[in-house]
Structures are given as structure tokens and as C-alpha cells.
2 protein chains.
Amino acid sequence: MNNKEKLRKAGLRPTKQRMIIADILLDGINRHFTAENLQNEINSSGNSMSIATIYNCLKKFRNCGLIKQVESSKDTAIFDTNINQHHHFLDEETGELIDIENQEVNLHKLPKIPQGYRNNGVEVLIKIKKQI
Amino acid sequence: MNNKEKLRKAGLRPTKQRMIIADILLDGINRHFTAENLQNEINSSGNSMSIATIYNCLKKFRNCGLIKQVESSKDTAIFDTNINQHHHFLDEETGELIDIENQEVNLHKLPKIPQGYRNNGVEVLIKIKKQI
DNA sequence: AAGTAGTTTAGAACGATTTTAAAGTAAAAA
DNA sequence: TTTTTACTTTAAAATCGTTCTAAACTACTT
Ligand SMILES: [Mn+2]
Ligand SMILES: [Mn+2]
Ligand SMILES: [Zn+2]
Ligand SMILES: [Zn+2]
């Protein structure tokens with residue numbers, strides 16, 4: 001399926017701007033990035049786009065499930081092109097995130113989900129620190 | 001150990017403002033809160049404090065390990081008085097966090113820590129959603 | 001082609017957090 | 001104790017990521 005079809009399937013009009021972003025993000029390579037990172041990539045590709053549009057698109061892409069947003073205590077939003085359930089190593093010093101594929105982690109025992117709720121995804125974060 | 005001793009042990013001068021915050025946060029009750037939540041509690045306790053001081057103190061307390069900061073994709077920082085390694089349920093709709101004690105989760109299989117790094121803490125996040 | 005609903009944009013606005021710099025306070029030195 | 005020093009608090013300004021506004025533009029429908 002090409003990017004135009006992916007956008008259509010997600011219920012998004014394939015505008016010029018969304019196609020530029022889709023061409024960068026939906027190439028099958030997993031990456032973690034900020035809005036500013038993406039703007040730099042857009043500029044490097046010879047295009048340009050308003051930062052408002054970049055935020056609009058990222059929000060739409062996220063809400064459609066084309067990308068995810070990472071839980072992060074940094075003050076800049078971090079997005080993830082890996083939409084499968086997976087886990088992360090985090091170097092807290094640098095903020096670097098490294099994917100851990102789902103099958104690399106085995107959760108043997110999980111607590112009971114609170115009454116009236118259902119499990120909506122489990123994420124494991126392994127904080128790592130450079131050895132001295 | 002009283003709060004003055006806790007601050008001293010952490011290498012922090014026990015100023016009037018830090019003692020007010022310590023009296024609220026270090027009472028042994030586990031809570032998740034924002035800087036604004038804390039300012040409201042300070043006000044309710046009959047005191048007042050500059051928001052800059054609140055941020056200064058929270059950063060110091062966090063860096064000393066007296067409190068933790070939660071990984072959260074919300075744009076307001078969330079702090080946690082539970083400094084033991086533990087896990088969370090997260091209701092993404094409301095942002096509500098519920099503690100899961102460490103022994104409630106059993107990680108059977110963990111991936112190899114990247115070369116040159118050491119494990120610095122594992123956090124499990126279970127996203128939950130209200131049932132319809 | 002005309003209509004309409006959705007999209008992009010520059011720039012303004014917003015909200016959380018940090019910085020500034022001056023005044024105040026705690027600890028150390030004398 | 002007094003003096004000195006380094007650290008802390010504060011209001012206000014600044015910063016920074018993100019969202020809003022409203023006008024121009026574009027994709028889709030009829
Ligand atoms: Mn955050
Ligand atoms: Mn922000
Ligand atoms: Zn990832
Ligand atoms: Zn907690």
C-alpha cells in the first residue's frame with residue numbers, strides 16, 4: 001500500500017503536506033523524533049512547511065494510529081514511527097530511546113486491572129546509564 | 001528522621017520554604033502531583049510561595065531523590081512522592097495514575113542491556129481505558 | 001463548474017517552566 | 001558574636017513548545 005492509500009485508509013485527505021510527511025515517516029524505518037526534528041527533515045528534503053501544519057499533521061497521524069507519541073518527561077513531545085506494541089531503553093542523560101521488541105520482554109505476572117477498566121497496552125521502560 | 005534531617009542528609013539547606021514543602025510531601029503518603037497542585041496545597045496550609053521557588057524546590061528534591069518525576073506525555077510535569085521502584089496504571093483519557101507496587105509485576109524475561117550501559121531502573125506502564 | 005468542508009499558514013496567543021537580578025537567609029569563617 | 005560567603009527566594013520578564021485565529025487555499029462532492 002502506498003502512502004496516498006495509507007492516508008485515505010486512515011480517513012485523512014492526502015494533501016501535499018501530509019504526503020511530504022508520510023514520505024518521511026512511513027518508510028518502514030522506526031524512529032523517535034520531535035516536531036522540530038521533522039521540520040529539519042522536511043527542509044533537508046527540499047520542502048518547507050509551517051510549524052503549525054507539522055503539529056496539525058502529527059496530531060492527526062497520531063490520532064489515526066499512523067504514529068505513536070512516547071511517554072516522556074522531557075518538555076518536547078517525542079513521536080515514534082514504530083506503532084507495534086513495544087518497549088524502550090531510555091538513557092536519561094541524553095534522552096536517547098532505543099526500541100525493544102515486544103517478544104524481548106516477558107511479563108510473567110501482571111496486577112489485576114482496576115474495576116471498570118480494561119487493559120489498553122503495556123509499556124516497559126528500562127532506564128539505562130552509561131557505565132563509568 | 002524528621003524533615004529537617006532529611007533535607008540536611010540530602011545536602012539541602014532546610015529553608016523555611018523547603019520545610020513547608022517537605023511537610024506536605026514527605027508525610028509518607030504516596031501521591032502524584034503537579035507544581036500547581038503543590039502550590040494549591042501550600043496555599044491551603046496557610047502559606048504562600050513563589051511559583052519559581054516551587055519549581056526550584058521540586059527540581060532540587062527530584063535531583064536529591066526525595067521525589068521522582070513521572071514519565072508523561074502531558075505538557076505539565078507530574079511528580080511522585082513514591083520513590084521506591086514501582087509501576088503505574090494510566091488512564092490516558094483523564095491522566096489519572098495509580099501506583100502498582102513492584103512485587104505486583106514479575107518481569108520474566110528482559111532484554112540484554114546495551115553494551116557500555118547498566119540497568120538503572122525498570123518501569124512498567126499499563127494503560128487502561130474505562131469500559132463502555 | 002460550483003459548492004462545501006477540510007487544510008494550510010503566518011502570526012498572535014497561551015501555558016508551563018526558566019531566567020534575571022536584587023533582596024534575603026543559612027552556614028562558615030574569623 | 002560578628003563578618004563573610006555562598007546559597008536561596010522572589011516578582012517580573014523571558015523563553016519555549018504548542019495551540020489558536022482567521023484568511024487564503026485545496027480536495028472532494030454534487
Ligand atoms: Mn512531558
Ligand atoms: Mn510546553
Ligand atoms: Zn519506539
Ligand atoms: Zn507512582
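Lettering of chains follows the sequences in order, A, B, ..., and the numbering in each one begins at 1. Given the structure is predicted, the values throughout are model-derived calculations rather than measurements.
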[X] has an atom [atom1]; how far is it from atom [atom2] of [N], in whole Å?
X	N	atom1	atom2	result
A/Asp75	C/dT18	CG	P	7 Å
B/Gln69	C/dA16	CD	P	15 Å
A/Met49	C/dA10	CE	P	11 Å
A/Gln39	D/dG17	CD	C1'	12 Å

[X], nearest nucleotide to its side chain (from [options]):
X	options	value
A/Cys57	D/dT18, D/dT8, C/dT8	C/dT8
B/Gln17	D/dT10, C/dT9, D/dT8	D/dT10
A/Tyr55	D/dT18, D/dT8, C/dT9	D/dT18

Heavy atoms under 4.0 Å, any strand shown: does [X] hit a base, just sugar-phosphate, or nothing?
X	value
A/Lys59	sugar-phosphate
B/Thr76	sugar-phosphate
A/Lys74	nothing

Classify the angle between the aromatic ring planes of A/His32 and A/His86 as parallel (below 30°), tilted (30 to 60°) or perpendicular (above 60°).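 Plane angle under 30°, so parallel.
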
Joint cluster assignment, A/Leu90 & B/Leu110, ILVMFWY side-chain distance < 4.5 Å: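 As far as the 4.5 Å side-chain criterion goes, B/Leu110 and A/Leu90 are not connected within one cluster.
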
Would A/Ile24 end up clustered with A/Ile67 when hydrophobic side chains under 4.5 Å apart are linked, directly or stepwise?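 Yes, A/Ile24 and A/Ile67 fall within the same hydrophobic cluster.
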
Does a side chain donor of either B/Thr53 or B/Asn56 reach within less than 3.5 Å of an acceptor in the other side chain?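 Result is no, nothing qualifies.
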
Which comes earlier along DNA chain C counting from the 5' end, the contact point of A/Ile54 or that of B/Phe79, where each point is its nearest nucleotide?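 Its nearest nucleotide lies further toward 5', so the answer is A/Ile54.
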
With the sugar-phosphate defined as primed atoms, P, OP1 and OP2, and the base as all remaining atoms, what B/S/- string results for nucleotides 21-30 of chain D, 5' to 3', for protein heavy atoms under 4.0 Å? ------BS--

Inter- and intrachain pairs under salt bridge (charged side-chain N to carboxylate O under 4.0 Å, His left out), touching residues 14-41 of chain B, at least two apart: B/Asp27-B/Arg31, B/Arg31-B/Glu41

N/O donor-acceptor pair under 3.5 Å between A/Lys109 side chain and B/His108 backbone: no

